[in-house]
Amino acid sequence: MARKSRKSGTLQAAPEVYEATYDTAVYVRLSVLDSGKKDSESILNQQDMLEQYIATHPELTLKKVFVDNGETGVDFLRPAWNDLMAECKAGRINCILLKDLSRLGRNYIETGEYLEKIFPLLGVRLIAVGDQYDNISLTNNERLVSNLKNLVNDIYAKDISRKSSAALAIKQKNGDFIGDYAAYGYLKDPANKHRLIVDTETAPIVRQIFQWKADGVGTSQICRRLNEAGILAPLRYRLEKGIVKSEKYRNNVWQVKTVNVVLQNPVYLGHIAQRKHVGALCEGKGRSRAKSEDWVIVPDMHEPIVTQEVFDPAKMVMANRTAQYQSANGKYAHFTPPEQLLGGLGFCADCGKSLLRYKQVS
């Protein structure tokens with residue numbers, strides 16, 4: 001199509017008209033919880049930059065923004081990322097917009113898997129604005145450069161892991177609390193985030209849990225009493241207080257494992273117990289729970305909630321019940337473990353976790 005110039009009367013090409021052919025998702029990620037500061041890596045700044053990019057590219061139509069705030073880039077176990085991939089697999093999103101390739105991931109192998117296999121298979125266009133990366137127009141040289149950048153991102157993440165692991169180990173040995181959230185019954189001291197203070201609202205509930213267990217009340221019964229009394233479970237309580245933001249905790253209730261975590265934690269005696277999980281990216285080790293004898297425990301670092309006279313009997317009741325269960329379980333050791341018929345098929349309507357078959361013995 002051509003039009004006539006008013007000044008010269010000559011024919012000129014009409015401006016190119018784009019069709020909105022890409023249903024686009026903006027993906028932003030920050031490795032630490034966004035403080036709200038307007039720095040170059042903030043969630044808000046990433047989003048603003050990407051939305052401005054879409055505004056200048058008519059072929060892109062923004063459908064949704066996915067945000068992983070406080071999620072590591074060394075793996076892809078991120079809530080918003082998983083939601084985004086579900087949209088891509090359903091065919092509702094066919095273009096992903098990032099600030100740069102490090103927002104996608106800092107694991108060289110897994111990131112390469114997405115770039116070279118998963119996105120092409122799904123027919124998903126990937127644009128990393130800061131790296132001038134667009135997988136529908138990559139040259140061989142650009143592909144080589146992107147691979148080198150992913151390798152650098154991987155090395156950078158491992159170097160940071162090595163340095164931070166050493167620094168955190170020193171803090172642990174000094175008795176400084178370094179967890180994201182204080183244990184149920186405590187709060188972080190506003191004057192010193194590495195020190196715990198008693199939460200007067202939940203501390204009485206902790207004392208009641210220990211007393212019930214010391215009196216021989218079963219853990220399932222303790223859960224039932226707490227739920228029937230309308231006592232908010234730890235994650236739901238943190239959500240209500242604004243300590244955590246994810247709505248996935250809205251339906252959280254007291255469960256056996258939740259009560260057991262409370263009953264096994266020496267923090268309620270006034271001790272700081274850390275390094276309960278081990279694993280470091282720099283060592284190539286995945287995260288796993290450490291044995292209790294390997295925890296780093298520094299005594300008398302804050303005000304206790306329960307006394308040793310209550311903690312020890314509660315612990316003894318738990319140990320005896322565990323021994324009874326293991327003894328009874330041994331009677332059926334010759335049976336073949338049951339097949340998980342519901343694995344990956346049935347899910348809890350409240351928490352969304354996969355349903356599993358368990359064997360109960362008595």
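Since the structure is predicted, the reported quantities are computational estimates derived from the model, not experimental observations. The figures that follow rest on heavy atoms only: side chains count, while hydrogens, waters and symmetry mates do not. Note that the numbering runs from 1 along the sequence shown for the chain.
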Checklist entry - Is any side-chain heavy atom of Thr111 less than 4.5 Å from a side-chain heavy atom of Leu101? => result no
Item to check | Arg29 backbone acceptor or donor facing Gln46 side chain under 3.5 Å | outcome: yes
Checklist entry - Do Asp134 and Arg125 pass the salt bridge (charged side-chain N to carboxylate O under 4.0 Å, His left out) test, and can you show the C-alpha distance, the side-chain angles, and the key distance before you say yes or no? => result CA-CA 7 Å; Asp134 188 337; Arg125 180 182 182 184; 2.5 Å; yes
Next on the checklist: Run the side-chain contact (heavy atoms from CB on, under 4.5 Å) test on Tyr53 and Leu60 for me, step by step, so that the C-alpha distance in whole Å, both residues' side-chain angles and the decisive distance to 0.1 Å come before the verdict.
Outcome noted: CA-CA 9 Å; Tyr53 181 90; Leu60 305 180; 3.9 Å; yes
Checklist entry - Got a sec, which pairs hit side chain to side chain donor-acceptor pair (under 3.5 Å) with one end in residues 182-193, sequence neighbours left out? => result Asp189-Arg195
Item to check | Validation row, ring centre Trp81 to ring centre Tyr27 under 6.0 Å | outcome: yes
Next on the checklist: Taking the side chain as everything from C-beta on, heavy atoms only, tell me whether Asn135 gets closer than 4.5 Å to Leu115.
Outcome noted: no
Next on the checklist: I'd like to know if the side chain of Ser220 and the backbone of Gly218 have a donor-acceptor N/O pair within less than 3.5 Å.
Outcome noted: no
Next on the checklist: Between His302 (side chain only) and Val267 (backbone N and O only), is there a donor and an acceptor less than 3.5 Å apart?
Outcome noted: yes
Checklist outcome for this item: For residues 196-240, the ring-ring contact (aromatic ring centres under 6.0 Å, His included) pairs (sequence neighbours left out) are Phe210-Tyr268, Phe210-Phe311
Checklist entry - In the single-linkage hydrophobic clustering (I, L, V, M, F, W, Y; side-chain heavy atoms under 4.5 Å), do Val206 and Val253 co-cluster? => result no
Checklist entry - Taking all atoms of both residues into account, what is the closest heavy-atom pair of Lys245 and Gly242, and its distance? => result NZ-O, 3.4 Å
Item to check | Criterion side-chain contact (heavy atoms from CB on, under 4.5 Å) against Leu50, the qualifying member of Ile127, Val129, Asn45 | outcome: Val129
Next on the checklist: Just verifying a value: how many Å separate Leu104 CG and Leu98 CG, rounded to the nearest 0.5 Å?
Outcome noted: 5.5 Å
Checklist entry - Should Leu232 and Thr202 count as side-chain neighbours, where that means a heavy-atom distance under 4.5 Å? => result no
Checklist entry - Does one side chain, of Gln52 or Asp48, offer a donor that lies under 3.5 Å from an acceptor on the other? => result no
Checklist entry - Nearest heavy-atom pair of Leu239 and Glu247: which atoms, and what distance? => result CD1-OE2, 4.3 Å
Checklist outcome for this item: Sorted by chain and number, sequence neighbours left out, salt bridge (Lys or Arg N to Asp or Glu O under 4.0 Å) with Lys89 holds for none
Checklist entry - Is the backbone N or O of Ala86 less than 3.5 Å from a side-chain atom of Arg92, with the two atoms forming a donor-acceptor pair by type? => result no
Checklist entry - Are any of the side-chain heavy atoms of Val26 and Ile54 separated by less than 4.5 Å? => result yes
Checklist entry - When rounded to the nearest 0.5 angstrom, what distance separates CG in Asn260 from CD in Gln255? => result 11.0 Å
Checklist entry - At what distance, to the nearest 0.5 angstrom, does CG of Leu44 lie from CE of Met49? => result 12.0 Å
Item to check | From CA spacing to verdict: side-chain contact (heavy atoms from CB on, under 4.5 Å), Leu269, Gln308 | outcome: CA-CA 7 Å; Leu269 292 171; Gln308 198 77 50; 3.7 Å; yes
Next on the checklist: What verdict does the side-chain contact (heavy atoms from CB on, under 4.5 Å) test give for Thr24 and His57, after you've listed the backbone C-alpha separation in whole Å, the side-chain angles of each residue and the deciding distance to 0.1 Å?
Outcome noted: CA-CA 11 Å; Thr24 305; His57 290 75; over 6 Å; no
Item to check | Heavy-atom pair with the smallest gap, counting every atom of Val317 and Ala214 | outcome: CG2-O, 4.2 Å
Item to check | N/O donor-acceptor pair under 3.5 Å between Asn227 side chain and Cys223 backbone | outcome: yes
Checklist entry - How far apart are the closest heavy atoms of His271 and Ile297, and which atoms are they? => result CB-CG2, 4.0 Å
Checklist entry - Is Tyr181 reachable from Tyr249 through a run of hydrophobic residues whose side-chain heavy atoms are each under 4.5 Å from the next? => result yes
Item to check | Glu87 with Lys63: basic N within carboxylate O range, under 4.0 Å | outcome: no
Checklist entry - Got Val124 and Ile93 here, is their nearest side-chain heavy-atom distance under 4.5 Å? => result no
Checklist entry - Rounded to the nearest 0.5 Å, what separation is found between the CG atom of Leu121 and the NZ atom of Lys117? => result 10.5 Å
Item to check | Close side-chain approach of Thr61 to Cys95, heavy-atom, < 4.5 Å | outcome: no
Item to check | Side chains of Gln211 and Val310 in contact at under 4.5 Å (non-hydrogen atoms) | outcome: yes
Checklist outcome for this item: Heavy atoms of Thr21 and Asn94 approach each other most closely as O-ND2, 3.6 Å
Item to check | Interatomic distance, Arg238 atom CZ to Asn252 atom CG [nearest 0.5 angstrom] | outcome: 9.5 Å
Next on the checklist: Could you check whether any side-chain N or O of Asp100 sits under 3.5 Å from a backbone N or O of Ala128, counting only pairs where one atom can act as donor and the other as acceptor?
Outcome noted: no
Checklist entry - Nearest 0.5 Å, what's the CG-OH distance between Leu122 and Tyr114? => result 9.5 Å
Next on the checklist: Donor-acceptor pair, distance only, cut-off 3.5 Å: does the side chain of Asp75 make one with the backbone of Leu77?
Outcome noted: yes
Checklist outcome for this item: Shortest non-hydrogen pair, Asp199 vs Leu187, comes out as CB-CG, 3.7 Å
Checklist entry - Is any side-chain heavy atom of Arg225 closer than 4.5 Å to a side-chain heavy atom of Gln208? => result no
